[in-house]
Visitor: 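Structure provided below as structure tokens; questions to follow.
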Amino acid sequence: MDWTSILHFFRGPFFTFSLLFFAAGMTYRLIRVLLLGWSRDKVPSRGSKAVGVAKSYLKGVIILPFIPWVKRTFRGNAMTYIGGGLFHLALLAVVVFSTPHMMVWKSLLGFGWPTLPFPVTDWLAAVGIVALVILLINRMTHPVLKLITKAPIWINWVIVFLPFVTGYAMTHHLGLRYESLYSLHMMAVDVLLIWIPLGRISHFLFYFFSRTIHGAQAGKRAVNP
Amino acid sequence: MNKQSAMNAYIKEIGGWVAGQLEACTRCGLCASACHFYQVTDDPEYAPVWKVSLLGQAYQQRFTFLGRLRQALGLGRPITDEALEKWSKLVFEGCTVCNKCAMVCPMGIQLGPLIHDVRAGLTAAGLVPADLHAATVKQDAIGSPLGVTDDAWQERIDWIAEEWEVDIPKDKKGVDTLVVFSSIEIMKFPENLVAVAKIMAKASESWTVSSKGREVVNFAFFEGDRELTKKFLNRVFGAARELGVKRIMISECGHAYDAFRWTAGNIMEVPKGIEVTHVVRVVYDFWKAGRIRLKKGAYDDGTITFHDSCKIQRRGGHIKEPRELLAWLAPRAFKEMSPAREQSLCCGGGGGVISIKEADALRLAVFGMKVEQMNKIGAQAVCMVCSNCRLQFTEGVAHYKSGIQVRGLTDMVFKAME
Amino acid sequence: MSPRIVIDPITRIEGHLRIEAGLDASNTITAAYSSGTMVRGIETILQGRDPREAWAFAQRACGVCTTVHSFASIRAVEDALGIKIPKAANLIRNMMLAQQYVHDHVMHFYILHALDFVDVVSALQADPKKTSDIQQSISAWPNSSPSYFADVRKKVQTIVDSGQLSLFSHGYWGHPAYKLPPEINLLAVAHYLECIDWQSQVTKIHTIFGGKNPHPNFVVGGVPLPIDMDGDQSLNAEKLSVIADSIKKLNDFVDMVYIPDLLAVAPYYLDYAALGEGLGSFLTWGEFPEGDIADTSKYVVPRAVILNRDLKNLIIPDPRDFDKMKEYVARSWYAYKGGDGVGLYPGKGETVFNYTGPKPPYKHLAVEGKYSWLKAPRWNETPMEVGPLARVLVLYASGNQATVGLVNAVLETLKAPASALFSTLGRTAARGIETKVIGDLLPRFYGQLVAEIKAGNTATFESSRWEPHTWPSRAEGFGFAEAPRGALGHWIEIKGGKIANYQLVVPTTWNASPRDHKDQPGAYEAALVGTKLAVPDQPLEILRTIHSFDPCMACAIHMFDADGRPVAEAGTGFNVVVEP
Amino acid sequence: MSEKTVYESLRESGLSRRDFMKFCGLLSGWMGLEFLPGVKALAATPEQVAEALMAKPRVPLIWLELQDCAGCTEAISRSQSPSLVNLVLNSISVDYQETLMAAAGFQAEASMRATMEKFKGRYVLVVEGSLSTAADGVYCAIAGRSGPDILREAAASAAAVIATGNCAAFGGLPKAAPNPTGALGVGDFIKDKPIVNIPGCPAIPEVTTGTIAHFLVMGTLPKTDRLKRPLTFYGHTIHDHCLRRPFYDAGKFAESFGGHGAREGECLYKLGCKGPTTYNACSSLKWEKGLSFPVQSGHPCLGCSEPNFWDGGGFYQAQSAPIDRPTAAAFGLAAGVGAALGAAMAGANGLAKRKAGKTEPAEPKKAAE
């Protein structure tokens with residue numbers, strides 16, 4: 001086996017398999033949760049649930065890291081906030097707004113969008129890697145995180161870290177030859193796609209559940225989520 | 001059979017609402033820093049995520065394919081009796097179900113209600129702390145967790161009416177409002193009754209208390225015992241139906257307001273057309289409508305602050321009413337603690353914790369944070385709209401030998417009436 | 001049964017071809033059969049692919065024609081998707097194709113065809129001085145000194161003496177059918193060697209616009225290289241001057257070497273002016289659109305059919321005519337659902353394998369039945385010859401001034417009647433005439449391109465239909481190219497953004513076609529009949545006629561059905577005289 | 001006719017000793033390609049070349065065309081330095097080459113056979129085109145013999161095998177999916193001979209001639225990479241020496257053919273360039289005396305020197321895009337399967353919930369009491 005064939009495998013059939021596994025797995029989890037049963041909320045609201053939900057997302061995405069009353073929480077969890085925030089920013093920039101990844105989306109969706117200049121995504125990718133390392137150190141040292149982190153969460157970290165670091169190495173031709181690094185990157189991505197429905201990275205989907213519930217609960221009581 | 005009962009309760013409890021949120025957790029651990037129990041103890045086991053993990057474990061093992069597979073292969077981590085006992089201490093003594101954690105959770109998971117579900121399973125397994133359960137049993141048998149019998153109650157009401165020269169109508173049919181007090185108020189804060197009676201009188205509101213639905217608190221609700229919760233709620237709803245009132249006014253009690261206003265409708269049939277409201281809202285409405293007039297700046301000396309009760313403010317929604325009242329009553333003296341409003345810090349006595357003797361040390365330790373908060377703004381007085389908080393504050397202030405005065409807002413309103 | 005000879009491989013062609021010919025007692029060919037022996041299945045490979053990429057696959061049908069399948073392919077896709085390419089792009093394409101003609105024809109003449117007429121060994125007897133005189137009398141080509149020819153002779157001598165004859169090893173040297181005097185042989189050998197060098201330096205138009213040659217790159221919707229006179233990577237003044245130089249170098253060789261040589265050699269082989277006519281019916285799809293490609297009246301080479309030498313009545317064929325454009329498999333190793341009697345329109349072609357030949361090892365093919373992998377394309381039930389002769393005849397018949405002048409001049413020089421055109425020699429002469437006519441188009445296209453650039457029309461790519469989501473869910477297209485070897489057509493069907501069906505009918509499929517349901521022979525088969533072989537096991541005469549068609553077998557045999565499993569064809573039957 | 005050394009032949013053809021040394025210098029130069037940036041030089045001085053050529057007869061070469069398009073033949077005929085004429089007249093003897101040779105039919109086969117016998121173990125076998133192995137090899141039969149038969153025999157007594165073009169090296173176009181004729185590269189079939197691959201579609205002419213030259217001078221095949229490609233020419237990617245590379249590094253990509261970026265000469269990554277994974281000398285050596293190469297001419301690199309490049313993910317799909325994309329139907333199916341499994345699991349969970357609801361009253365309600 002040469003690297004070119006390995007690359008073909010991980011960009012080709014195995015990627016397809018991973019993607020389909022991902023689609024099937026996520027649908028499975030979604031349907032399983034949806035069909036667990038939802039009782040209608042019969043309690044009359046004081047405020048608007050819709051407004052609450054909207055505020056919930058706004059806060060979840062934009063305001064959370066900057067509001068003053070989080071200071072206390074922030075002070076005790078600076079690494080989580082900074083690491084987590086930067087990681088997700090990097091993730092968005094790299095996965096959605098870097099040229100190579102946009103071309104992946106384009107090939108899958110049939111349309112593309114403007115991307116960020118390479119130096120920007122490149123630096124953000126580095127930031128993402130650093131953020132992940134910060135998060136790892138945090139997870140290894142913070143008493144609460146030590147307590148609640150079981151094997152699958154450590155695996156999560158590795159599986160998320162690998163595409164980042166292989167992608168970065170590949171872009172900069174670090175160490176191995178390009179197609180070797182590209183193969184490793186695709187291998188890591190494929191594994192990630194398969195792992196997502198099995199682990200907690202799927203929170204990107206259930207985020208919409210909990211965030212909506214949170215907003216609706218606050219909204220119906222007419223308080224800020 | 002503890003395990004089985006707990007597991008059955010969890011299996012019954014877990015629906016999409018629970019599962020969707022359990023699935024969303026990323027194990028970031030931020031909820032820990034929101035929890036006052038974790039903050040004072042630095043014990044990671046008080047992290048809300050850890051408290052909920054019992055439910056999560058049940059979910060993983062029974063509702064997911066891999067979990068079931070692991071169970072079938074005998075690889076799953078079983079939930080042991082020891083674990084249940086440990087969790088009983090964690091979620092009954094080390095959690096006030098204040099839901100502050102949900103406010104910092106990046107995913108917005110409603111950890112409070114989920115811990116409530118954890119409690120339900122432990123209750124089904126018979127693992128409720130003895131003090132708490134004793135109160136529940138008392139409420140079931142006698143009608144009051146404090147053991148106030150019907151006769152005692154009648155006597156006490158009559159005594160208050162006589163002593164403070166107020167009219168407290170009992171079981172009066174055809175009135176608009178049924179007011180329900182808690183035993184704590186009746187036995188420890190009678191001025192609350194007096195204040196309500198005076199305000200009602202001033203506002204010319206027709207009202208009554210009921211001997212059948214005389215207790216607003218609901219210890220079964222603390223336990224998460226759904227059937228018993230309904231039974232207790234039904235006593236009041238039954239009375240309201242019988243008396244033909246238009247609304248039920250919950251007095252200064254937090255969890256009761258949560259149970260009546262936000263929970264009852266979803267777990268049982270509630271009488272239609274009867275509004276459930278809280279005394280702070282009623283008083284506020286009277287004031288706004290001009291049915292009572294308050295002396296502006298009545299408390300405008302020193303520094304007075306307001307404690308947001310988790311069940312009435314964060315989980316109840318009555319955030320602006322007390323503030324507007326205070327802005328009138330103490331325009332200069334009123335000062336906010338930080339954090340406040342939806343983000344406020346729990347007093348540490350809610351969720352039934354205050355009734356558990358073994359939790360006293362922890363509960364008072366937690367209150368230290370509240371003292372610190374108040375000291376920071378130099379508060380000389382603090383008011384609130386929850387008797388449970390008030391009891392905790394009273395004990396806590398005494399414990400910390402702080403001179404801060406603890407007051408009920410209704411009482412303050414009454415005293416500022418012109 | 002008469003003896004039959006087999007030649008396999010036919011060399012100096014593109015691909016693998018086998019010829020069987022039945023001889024009479026005087027060693028004259030009575031019937032001939034051609035068979036191709038290599039398939040790759042390009043049409044099968046193209047199924048389900050992105051139509052924008054089809055050109056690259058189709059292009060590899062042939063490395064000698066190299067561009068023509070790309071042309072047909074991109075035109076088919078553009079036709080299907082309704083893409084109109086910018087004017088400048090069309091001119092650039094025309095220049096690329098015209099360069100291909102000149103390059104390919106000259107190379108064919110010297111590298112692939114000349115050794116049929118030129119005896120390399122005989123050149124050793126030549127007097128360099130005489131050769132020099134001949135050279136100086138026929139053109140102003142600078143390599144003409146006696147010492148130059150002496151050098152060439154020495155080189156050949158060295159090769160021969162070394163015992164390692166290299167490419168000339170085992171040629172039919174000394175064959176009685178070689179008729180050139182040694183001096184002209186030497187002249188031709190010198191030009192043979194010069195041609196190899198020349199052809200390596202005159203594909204610059206391809207290299208500039210397509211990045212390389214063979215197999216330059218194309219793009220559906222235009223050409224890849226943008227025009228920007230201020231750009232450093234685009235088509236700019238520097239690149240234009242390289243192109244201008246290259247055009248001159250191309251045409252100088254044609255004017256000063258190829259055409260004079262052709263006229264110098266032809267008089268010795270006038271017997272071939274009456275041999276190898278073949279069918280007498282010709283087809284061209286037309287080429288070099290100077291306006292909208294849909295407007296066939298603006299083609300330099302018209303789209304036409306000539307029936308039975310009738311130059312007076314040119315018929316304009318419609319490649320989309322279901323009833324007229326058909327392929328038959330009565331004598332080919334395929335089966336149609338409707339049986340052997342029917343013909344199918346290529347756009348709806350079927351390729352179901354049906355090998356019925358003898359089991360190997362065999363000495364000859366069962367020519368009474370099916371005997372070829374090639375289908376038999378027919379226009380209105382008639383077999384057609386395609387290629388330079390077809391084009392020159394169509395140009396001549398349609399009154400193309402340059403062509404008329406050149407044809408008449410050549411006929412006059414050779415003192416041959418007009419009917420001499422319908423022959424092996426006519427075919428070879430037509431190739432030369434066409435090279436001159438099309439070579440002269442290059443400066444014209446170049447001038448037009450410069451004019452367009454001056455006018456500010458520098459667009460080279462039509463992007464509106466590039467993205468697959470802009471395409472209709474289903475589309476059909478026809479693309480053509482007049483390959484140097486003849487009329488080439490691609491038929492494509494696009495469904496859901498992918499190729500649903502792709503069919504090629506290539507020049508050699510027409511010319512090397514087997515017999516059809518009416519037992520009409522193909523062009524090769526018809527052309528060989530009546531040829532007398534001087535030495536039956538050195539069938540030089542067959543090579544001459546076959547090479548005059550410039551076969552391109554890899555293009556011709558592209559069809560393949562993955563389901564079929566042929567019986568092995570093996571054996572030792574090359575060049576063996578078979579007893580009845 | 002005795003076998004003469006190259007030197008003797010050249011001297012007899014009137015070449016002076018000085019000219020001969022010049023020629024050797026040229027040969028070593030072109031092998032090393034020292035004048036070209038980015039191509040590693042082979043170790044061969046003019047003296048070494050001279051020594052080698054003086055001692056040896058012209059190396060016979062058999063050039064087989066199997067499943068080919070003659071593109072690599074055409075290509076080598078365009079070799080600039082040295083030219084084919086130079087090579088054929090002075091250094092090698094091409095004894096079998098279907099497209100170029102004079103002989104036909106059995107005389108052609110005889111020429112090959114003569115060389116195989118006379119120069120047993122000493123001739124170089126160049127293969128162009130892939131090897132069809134399906135159906136006993138009848139998809140490519142020459143002189144009535146199957147491709148594998150011919151190749152096996154020709155390789156058996158060859159000194160070395162040079163597979164020129166992607167087809168011969170890796171199977172090329174015929175091997176593209178669904179590989180209807182069972183095409184293989186030469187190296188997949190011939191295992192017991194030194195083989196060097198010169199992939200490309202076609203192979204860069206100077207790379208083929210350079211490799212032959214290396215064999216002439218050194219008597220061995222050049223050092224190769226894992227895919228048996230000479231390191232001299234395949235040591236770097238198109239991307240490594242691409243003149244558009246700075247635009248890649250800056251993240252400036254041409255969005256469309258003929259558009260602004262294309263005019264500016266920006267990177268063709270978005271248009272599908274395979275340069276980053278394609279090892280070949282196009283961007284350093286270029287074509288036709290350094291005139292251009294595909295990327296310079298505005299077309300993305302197709303990746304033609306890599307195995308399976310025909311199925312390498314679409315010529316106009318950016319290299320980052322996956323090679324295979326599941327169809328909407330496949331996605332639908334996967335989602336359907338997921339949904340069905342989810343529903344099944346939900347059903348099982350529903351049953352569990354009902355069972356838990358039933359058994360619960362039987363449990364002691366308040367065990368603590």
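Please read all numbers here as calculations on a predicted model, not as lab measurements. So that the names make sense, note that chain A is the first sequence line, chain B the second, and so on, each numbered from 1.
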Visitor: So which residue, C:Thr458, C:Ile111, C:Ile10, C:Val223, ends up with the most heavy-atom pairs under 4.5 Å with chain D?
Guide: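 When all of C:Thr458, C:Ile111, C:Ile10, C:Val223 are compared, C:Thr458 has the most.
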Visitor: Quick check for you: among D:Ala114, D:Pro294, D:Ala262, which has the greatest number of heavy-atom pairs under 4.5 Å with chain C?
Guide: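 Most heavy-atom pairs within the cutoff with chain C belong to D:Pro294.
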Visitor: Quick check on the interface: out of C:Pro226, C:Ser200, C:Gly171, C:Ser166, who has the most heavy-atom pairs with chain D under 4.5 Å?
Guide: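 Among C:Pro226, C:Ser200, C:Gly171, C:Ser166, the one with the most close pairs to chain D is C:Ser166.
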Visitor: Quick test of your reading of the model: are D:Asp311 and C:Arg49 salt-bridged, counting only N-O distances below 4.0 Å?
Guide: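 C:Arg49 and D:Asp311: salt-bridged.
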Visitor: What's the shortest heavy-atom distance between D:Ser283 and D:Ile238, and which atoms?
Guide: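 The answer is OG-O, 2.9 Å.
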Visitor: Determine the option with the most heavy-atom pairs under 4.5 angstrom with chain C, choosing from D:Gly129, D:Cys167, D:Ser130, D:Pro174.
Guide: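 Top option by heavy-atom pairs under 4.5 Å: D:Pro174.
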Visitor: Please flag which part of D:Cys72 lies under 4.5 Å from any non-hydrogen atom of chain C: side chain, backbone, both or neither.
Guide: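 It is neither, since no heavy atom gets under 4.5 Å.
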Visitor: Check whether C:Trp55 gets within reach of chain D through its side chain, its backbone, both or neither, counting any heavy atom under 4.5 Å.
Guide: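 The side chain, not the backbone.
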Visitor: Tell me which of these, C:Gln47, C:Met107, C:Lys212, has more heavy-atom pairs under 4.5 Å with chain D than the rest.
Guide: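 When all of C:Gln47, C:Met107, C:Lys212 are compared, C:Lys212 has the most.
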Visitor: To the nearest 0.5 Å, how far apart are CD1 in C:Ile45 and CG in D:Leu173?
Guide: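 Answer rounded to 0.5 Å: 5.0 Å.
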Visitor: How long is the straight-line distance from OH of C:Tyr172 back to CG of C:Asp119, given to the nearest 0.5 Å?
Guide: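 The OH atom of C:Tyr172 is 13.0 Å from CG of C:Asp119, to the nearest 0.5 Å.
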Visitor: Looking at D:Cys282, D:Gly172, D:Ala177, D:Ala108, which makes the most heavy-atom pairs under 4.5 Å with chain C?
Guide: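 Most heavy-atom pairs within the cutoff with chain C belong to D:Ala177.
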Visitor: Could you look at C:Thr460 and say if it's the side chain, the backbone, both or neither that has a heavy atom under 4.5 Å from chain D?
Guide: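 The answer is the side chain of C:Thr460.
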Visitor: Side-chain donor-acceptor pair under 3.5 Å between D:Glu74 and C:Thr66, yes or no?
Guide: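 No donor-acceptor contact under 3.5 Å links the two side chains.
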Visitor: Is it the backbone or the side chain of C:Leu540 that comes under 4.5 Å from a heavy atom of chain D, or both, or neither?
Guide: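 The answer is neither part of C:Leu540.
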Visitor: Using non-hydrogen atoms and a 4.5 Å limit, figure out which bit of D:Gln80 sits close to chain C: side chain, backbone, both or neither.
Guide: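 It is the side chain, since no backbone atom gets that close.
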Visitor: I'd like to know which of C:Arg52, C:Gln59, C:Gln199 tops the heavy-atom pair count under 4.5 Å against chain D.
Guide: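 When all of C:Arg52, C:Gln59, C:Gln199 are compared, C:Gln199 has the most.
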Visitor: For the candidates C:Ile13, C:Val219, C:Val120, which exhibits the highest count of non-hydrogen atom pairs separated by less than 4.5 Å from chain D?
Guide: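 Maximum pair count with chain D is reached by C:Val219.
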Visitor: With a 4.5 angstrom heavy-atom cut-off, is it the side chain or the backbone of D:Ala183 that approaches chain C, or both, or neither?
Guide: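 It is neither, since no heavy atom gets under 4.5 Å.
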Visitor: Using non-hydrogen atoms and a 4.5 Å limit, figure out which bit of D:Ile92 sits close to chain C: side chain, backbone, both or neither.
Guide: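 Only the backbone of D:Ile92 comes within 4.5 Å of chain C.
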Visitor: By a 4.5 Å heavy-atom criterion (distance strictly below it), what part of C:His103 contacts chain D: side chain, backbone, both, or neither?
Guide: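 Side chain only.
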Visitor: Which one wins on heavy-atom pair count under 4.5 Å against chain C: D:Gly259, D:Ser77, D:Pro60?
Guide: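 Highest number of heavy-atom pairs under 4.5 Å: D:Ser77.
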Visitor: Where does C:Gln201 contact chain D at under 4.5 Å (heavy atoms): side chain, backbone, both or neither?
Guide: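 Both backbone and side chain.
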Visitor: Could you look at C:Asp230 and say if it's the side chain, the backbone, both or neither that has a heavy atom under 4.5 Å from chain D?
Guide: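 For C:Asp230, no heavy atom lies under 4.5 Å from chain D.
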Visitor: Please work out which of the three classes, parallel, tilted or perpendicular, describes the rings of C:Phe57 and D:Phe315, given edges at 30° and 60°.
Guide: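 Correct class here is tilted.
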Visitor: Given heavy-atom pairs under 4.5 angstrom as the criterion, report whether the side chain, backbone, both or neither of D:Leu66 touches chain C.
Guide: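 Backbone only.
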Visitor: Counting heavy-atom pairs under 4.5 Å with chain D, which one of C:Val156, C:Val242, C:Asn213 comes out on top?
Guide: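 It is C:Asn213.
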Visitor: Mind listing the closest non-hydrogen atom pair of D:Ser297 and C:Thr207 along with its distance?
Guide: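 Nearest pair, atom of D:Ser297 first, then C:Thr207: OG-O, 3.1 Å.
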Visitor: For C:Leu225 versus D:Gln296, what's the shortest heavy-atom pair and its separation?
Guide: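 That would be CD1-O, 3.8 Å.
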Visitor: Looking at NE2 of C:His215 and NE2 of C:His206, how far apart are the two atoms once the value is rounded to the nearest 0.5 Å?
Guide: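 Separation between the atoms: 12.0 Å.
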Visitor: Could you check whether the rings of D:Tyr316 and C:Trp466 sit parallel, tilted or perpendicular, using 30° and 60° as the cut-offs?
Guide: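 Ring orientation of D:Tyr316 relative to C:Trp466: perpendicular.
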Visitor: Heavy-atom distances under 4.5 Å only: say whether C:Tyr110 touches chain D with side chain, backbone, both or neither.
Guide: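 Contact with chain D is absent: no heavy atom of C:Tyr110 under 4.5 Å.
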Visitor: Using ring centroids (six-membered ring only for Trp), state whether D:Tyr123 and D:Tyr96 fall under 6.0 Å.
Guide: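 Ring-ring flag for D:Tyr96/D:Tyr123: false, centres at least 6.0 Å apart.
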Visitor: Answer with yes or no whether the side chains of C:Asp228 and C:Ser234 bring together a donor and an acceptor at under 3.5 Å.
Guide: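 Side-chain D/A pair, C:Ser234 to C:Asp228: absent.
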Visitor: Quick one: what part of C:Val202 sits under 4.5 Å from any heavy atom of chain D, side chain, backbone, both or neither?
Guide: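 The backbone, not the side chain.
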Visitor: Is D:Arg78 salt-bridged to D:Glu288, going by a charged N under 4.0 Å from an acidic O?
Guide: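 No salt bridge links D:Arg78 with D:Glu288.
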Visitor: Give, for atom OG1 of D:Thr73 and atom CD of D:Gln97, the distance between the pair rounded to the nearest 0.5 Å.
Guide: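 With rounding to 0.5 Å, OG1 (D:Thr73) is 4.0 Å from CD (D:Gln97).
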Visitor: Pick one of side chain, backbone, both or neither for C:Leu115, based on which atoms fall under 4.5 Å of a heavy atom in chain D.
Guide: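 The side chain, not the backbone.
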Visitor: What is the minimum heavy-atom distance between D:Leu243 and C:Gln233, and which atoms define it?
Guide: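 Where D:Leu243 meets C:Gln233 most closely, the heavy atoms are CD1-OE1, 3.8 Å.
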Visitor: For each of D:Gly258, D:Ala75, D:Ala103, tally heavy-atom pairs with chain C at distances under 4.5 Å, and name the one with the top tally.
Guide: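 Between D:Gly258, D:Ala75, D:Ala103, the count favours D:Ala103.
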Visitor: Do the side-chain N and O atoms of C:Ser463 and D:Ser256 include a donor-acceptor pair separated by under 3.5 angstrom?
Guide: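 Note: C:Ser463 and D:Ser256 side chains miss the donor-acceptor criterion.
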Visitor: Flag the one option from D:Gly71, D:Ala102, D:Ala70, D:Gly298 with the top tally of heavy-atom pairs under 4.5 Å to chain C.
Guide: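 Most heavy-atom pairs under 4.5 Å with chain C: D:Ala102.
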Visitor: Name the region of C:Ala89, side chain, backbone, both or neither, that has any atom closer than 4.5 Å to a heavy atom of chain D.
Guide: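 Neither part.
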